[in-house]
Amino acid sequence: MATLACCRGVSQVFRPVVAKFGVCSLQKDARALRHVVRPDEWQCSHGQARRYSSDAKSMDDLSVRYLDGSDSGIVVFGLNRPKAKNAISRNLVKMMSEAVDAVKTNNKVRTVIVCSLVPGVFCAGADLKERAKMHPSEVGPFVSKARALITELGNLPMPTIAAIDGAALGGGLEMALACDMRVAATSAKMGLVETKLAIIPGAGGTQRLPRTIGVSLAKELIFAGRVVDGAEAQNLGLVNHAVEQNDSGDAAYRRALDLAREIIPQGPIAIRMAKLAINQGIEVDLATGLAIEEACYAQVIPTKDRIEGLTAFKEKRPPRYKGE
């Protein structure tokens, strides 16, 4: 009886969260999306550039690409501030916030990849040159906006993958930690180095790194401001995969794309509910976590995709999921 009461209680508390990410939101029409891309840099997987409306100022900071063909459902956020090593600026926060807002209610988006268009770097952290020009009263609000962006990235209902082909330091690593999975080149450098500047990680690093690699190791890396390469990051459990860098400098992105291709054929509502169950359940005790899982499972039972999966299995053919 206690367990059933717990399940009912969790279900009541959990219902608004499920409603936010569940079937109801998935069935809404996608909002109009703003796409920013530099055609000469971004090529679709089948070799043809897909053109979107562009804004010269925006392109300096972020490119957003919606893949098509067999890769339809994959969206790629490309950080593009070469002169600043993709450092997190006011404009980059603004552009990424808009991109995150656009995809989070789009039921056609099944996976998001965050990568860099700048060779040798993922994100060097905060834009210290811009920060130095800020009045002390401006620093706190800006850090709050950056933290909110990274939190929203972590809260996206679909799986997210960080492709780390170069340095990911400070806020850059915090951005990667907010993603569900991370792929890195073995030559990439990663670290939360804020203590070297007499500050602490301020965009979730003190919380997400311990949850990823364990408390003791996270303390060691943060206290020492240590930087590790991709191979060591994999040994620590900081990244899922470490790959040798290639001549074009995008080995991590290519591996992340392969990983995304493994995800997109699966039932999209099931993937979203699985992510929600994991993210919510990992923060609570097992009994409450099981109740959360039950609430998420209840969301997939009435879907057309579930029936399609059973029908496809019976007919011995690949399923054709629509996110309904």
Would L177 and M190 count as a side-chain contact (heavy atoms from CB on, under 4.5 Å) here? Give the steps. CA-CA 11 Å; L177 282 167; M190 286 158 274; over 6 Å; no

Does I263 form a side-chain contact (heavy atoms from CB on, under 4.5 Å) with R110? I'd like the steps, not just the answer. CA-CA 8 Å; I263 295 170; R110 301 193 180 186; 5.8 Å; no

Taking it one step at a time, do V93 and I88 satisfy side-chain contact (heavy atoms from CB on, under 4.5 Å)? CA-CA 7 Å; V93 169; I88 301 171; 3.5 Å; yes

side-chain contact (heavy atoms from CB on, under 4.5 Å) between R261 and L257, intermediate numbers included: CA-CA 6 Å; R261 286 167 176 160; L257 188 58; 3.3 Å; yes

What do the steps show when you test S248 against D250 for side-chain hydrogen bond (donor to acceptor under 3.5 Å, both in side chains), and what is the final call? CA-CA 6 Å; S248 56; D250 64 350; 2.6 Å; yes

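Once rounded to the nearest 0.5 Å, the distance linking CG of L221 with CD of E232 reads 7.5 Å. Taking CG of L173 as the reference point, atom CZ of R208 lies at 11.0 Å (rounded to 0.5 Å). The CG atom of L149 sits 12.5 Å away from the OG atom of S144 when rounded to the nearest 0.5 Å. Atom CD of E220 and atom CZ of R226 lie 4.0 Å apart (nearest 0.5 Å). Note: I161 CD1 to N240 CG = 8.5 Å, rounded to the nearest 0.5 Å. D165 CG to Y253 OH: the interatomic distance, rounded to the nearest 0.5 Å, is 10.5 Å.
Side-chain contact check for T212 versus R182: some heavy-atom pair is nearer than 4.5 Å. Using a 4.5 Å heavy-atom cutoff, the side chains of V118 and L79 are not in contact. The shortest distance between side-chain heavy atoms of I271 and M158 does not fall below 4.5 Å.
At a threshold of 4.0 Å, the pair E315-R317 counts as salt-bridged, since one of the basic side-chain nitrogens sits closer than that to a carboxylate oxygen.
Following chains of ILVMFWY side-chain contacts shorter than 4.5 Å, one cannot reach L238 starting from V121, and the two form parts of different hydrophobic clusters. Hydrophobic clustering (side-chain heavy atoms under 4.5 Å, transitive across Ile, Leu, Val, Met, Phe, Trp, Tyr) groups M175 together with I213. When hydrophobic clusters are built by joining Ile, Leu, Val, Met, Phe, Trp and Tyr residues whose side-chain heavy atoms come closer than 4.5 Å, directly or via intermediates, V239 is grouped together with I222. Tracing side-chain contacts under 4.5 Å through hydrophobic residues (I, L, V, M, F, W, Y), one never reaches V193 starting from L217; they form parts of separate clusters. In terms of hydrophobic clustering, with Ile, Leu, Val, Met, Phe, Trp and Tyr side chains grouped at heavy-atom distances under 4.5 Å, I264 and Y321 are assigned to different clusters.
For V227 against K189, the heavy-atom pair with the smallest separation is CG1-CB, 3.6 Å. The two residues F122 and A168 have their closest heavy-atom pair at CD2-CB, 3.8 Å. In this structure, P210 and G205 approach most closely via the heavy-atom pair CD-O, 3.7 Å.
When the options I74, D71, V103 are evaluated for a side chain to side chain contact (heavy atoms under 4.5 Å, CB included) with Y66, the one that passes is V103.
The environment of K275 atom NZ is dense: over 12 non-hydrogen atoms of other residues, nucleotides or ligands sit within 6.0 angstrom. The neighbour count for I282 CD1, taken as heavy atoms of other residues, nucleotides or ligands under 6.0 Å away, does not exceed 12.
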